[in-house]
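Reviewing the structure listed below.
Because the structure is predicted, anything quoted here is derived from the model rather than measured. Convention: sequence-line order gives letters A, B, ...; per-chain numbering from 1.
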Amino acid sequence: MNPKHNLKQAIDSLYRHTHVNPEAYTRLVLDCVRLNDTHQAKRLQTHMDNNLFEPTTTFIHNRLLHVYANSGKLSDARNLFDKMPQRDIFTYNAMLKAYSKMGSVDDLLGLFKTIPCKDSVSYNTVIAGLGTRGCVSEALEVFVRMQKEGVEVTGYSYVSVLNACSRVLDLRRGKEVHGKVVVCGLMFSGFVCNALTDLYAKCGEVDAARWLFDRMRDKNVVSWNSMISGYLKNGLVEKCIELFSEMKLSGVKPDVVTVSNVLGAFFQMGRIGEAQKLFAEIEKKDVISWTTMIVGHVQNGKEEDSLVLFNEMLMANVKPDKFTISSVVSSCARLASLFYGQTIHGKSVHMGVEDDTLVSSALVDMYSKCGEPTEARKIFDTIHAKSTVSWNSMILGYAQNGKDLEALTLYEEMLNNGIKPDSITFVGVLSACIHEGLTERGDQYFRSMTKQHGIVPTLDHYACLINLLGRSGRVEGAFETIKGMPYKPDSLIWSTLLSVCKLNGDIEHGEMAAKQLFELEPNNAEPYITLSNMYAAKGRWKDVAAMRSVMNSNKIKKFAAFSWVELDGKVHKFVSEDRAHPESEAIYRELNRIIRKLLKAGFTPNKNLVLHDVGDDEKLESICYHSEKLALAYALMKKPEGRKTVRILKNIRVCGDCHLFMKFVSRIIGRTIILRDSNRFHHFSAGCCSCKDLW
DNA sequence: ATAGGGTTAG
């Protein structure tokens, strides 16, 4: 029947006897090895200890050690190793294996030094262990030493050392090893050739990899996978899919690794349907293929589907790991779904992965993007070994939520803790300065990047600087910055300039920025709308009309705007002037009630923010029923009582009228509103917004 | 008498 169950029963019966003959132990330990069953191995060892059984050879203990080593049970391995009366080369090699899988590099090298009679296997194990930790020079050192000491260098040695090189993309040293492989005549070994193919592919020399691949006599599934993943890593997505077709014709059966690679290729091309079809065809779906599906959906803006997939994965009894959890957490972040985010947070705690860098920073990001910087901070404070990534997530979280001074304080704290800031850190720091209007301080931070931290500013940082200068009225300075950049300005730079021009009513520079954007992104309606609104603000209706006719003749469509709210775990989506919701009538009644209340309190809709120069009544109509207002009305209607915060999400930037509207609602109706638009967070409370009216 | 070390995917 079930071999694992049989083993358990055999060991159960062992426990009913006190005297056991050595052959029985030998038989059982071999079963433990065959099934790699650490649990039964431990029970077996306990039984031997309890009965003071002292084996005459090292064999049984060595096999137990091997089971522990192979399943990463480092402490069990170490305990057994420490109390073994005699040790031979098999003992040492098994312990080396345990360290190379789990322990520190120091432990690994420390043990290696003490081994009295190292053989080829000892060397190969250490080289492999060093390689998986990215210690290439150490791995190479051991490799050289083994040659000097006359230990036999085998295919195993070459594969391990090549793997070390490819892990850190060290092609120069990899090529030296390649030379040695040729001299030794090991080019016909499949393992060695696969490792070489992988090395060249990973290091960006796809053609060299393909050359080797084409000359391989017996390509196995790993050969194909190495080449397919090489194409994918180098962005040759079509080649990757093409080779997959060739593979199917070759008669080598694709496995779950092949499919995971090809899935990645389909997702990169947005061919989601094909990815789903391919995924459905794999019989044995593992964590990685599920996670690839989840990540692929998130990358293609299908966050809800990624959560559905996550559920299906759990139903299929595949255990998620830290990669899965961090990607579903970021799915929740992008959806700003506090409900699911908290559920998955709970799951991560249960799994014990919440302290992992990947997971914890995703959690900090999730709570921040749900407008909960205080919760984010709680997570941040529990992280044991905070990495640059952890600090970055929290600094950015504060900055996104209008807690700009907290962001800057945290940055100073980061420096005091001796953590090195990186390029991302400064995006957070600079945007905090922008919103606080700290022009001088921001400028200093910008200069400190190169001077004190050796970080080359990217276009993102220049965009922050332009924002910083522009918002303090120095549009000319912002423009000079663009001219002085070591890069060609991209659309981000020009749209940043355009937005500060709008703030300053600087039509001259605004037109210049818009003109660049028209060329860089001919289908983007944003610059047309912004420029048009700038003209409208100055009453230049002729120019407004001209903009509209250009948009019409070039068939430029506004990006569909929508907002959504999450109520009791269900997402409700609205578009402008939406009548599709089943409770539409009630929603409009509620919204009109709110509008009347606000008008009495002095709210004046800002009619200049409408693109079309239509009649005033019509303007009012189209502006009053923007999607975020409908979402707000729905949320207030469904949750009228209590002081609960209303959270609304919007896929594009909030307009000035809606912003003013929300401020009024927070004061007159007395509810806190968190509105996340495509750009940042707006916390409305008592008539004020955390963005300080700059966005 | 028995035993060990290596390649591919997020």
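Using a 4.0 Å heavy-atom distance criterion, A/K202 is classed as a sugar-phosphate-only contact. A/L30 comes within 4.0 angstrom of nothing in the nucleic acid, heavy atoms only. Looking at heavy-atom distances under 4.0 Å, A/N62 makes contact with a base. Across all strands, A/K101 comes closer than 4.0 Å to no nucleic acid atom at all (heavy-atom distances).
For A/T58, the side-chain atoms get nearest to B/dA3 when compared with the rest of B/dG6, B/dA3, B/dT8. Of all nucleotides listed (B/dG10, B/dG5, B/dA3), B/dG10 comes nearest to the side chain of A/F323. Minimum atom distance to the side chain of A/F59 is reached by B/dA3, of the listed B/dA3, B/dG5, B/dG6.
Between A/M95 atom CE and B/dG5 atom P the separation is 14 Å, expressed in whole Å. The CG atom of A/L278 sits 15 Å away from the C1' atom of B/dG10 (whole-angstrom rounding).
For the OP1/OP2 pair of B/dT8 and a distance below 4.0 Å, the side-chain nitrogens and oxygens of A/N163 include at least one atom meeting the criterion.
In this structure, CZ on A/F267 lies 10.0 Å from CD1 on A/I294, to the nearest 0.5 angstrom.
A cation-pi geometry, defined here as NZ or CZ lying under 6.0 Å from the six-membered ring centre and within 45° of its normal, holds between A/K386 and A/F380.
Under the salt bridge (charged side-chain N to carboxylate O under 4.0 Å, His left out) criterion, A/K369 pairs with A/D365, not counting sequence neighbours.
Ring geometry for A/Y158 versus A/F143: interplanar angle over 60°, hence perpendicular rather than tilted (30 to 60°).
Taking the side chain as every heavy atom from C-beta outward, A/L363 and A/E354 approach each other to under 4.5 Å.
Near-neighbour residues of DNA chain B inside residues 212-228 of chain A, defined by a heavy atom below 4.0 Å, number-ordered: A/V222, A/N225, A/S226.
In this structure, a donor-acceptor pair under 3.5 Å is present between the side chains of A/N194 and A/S223.
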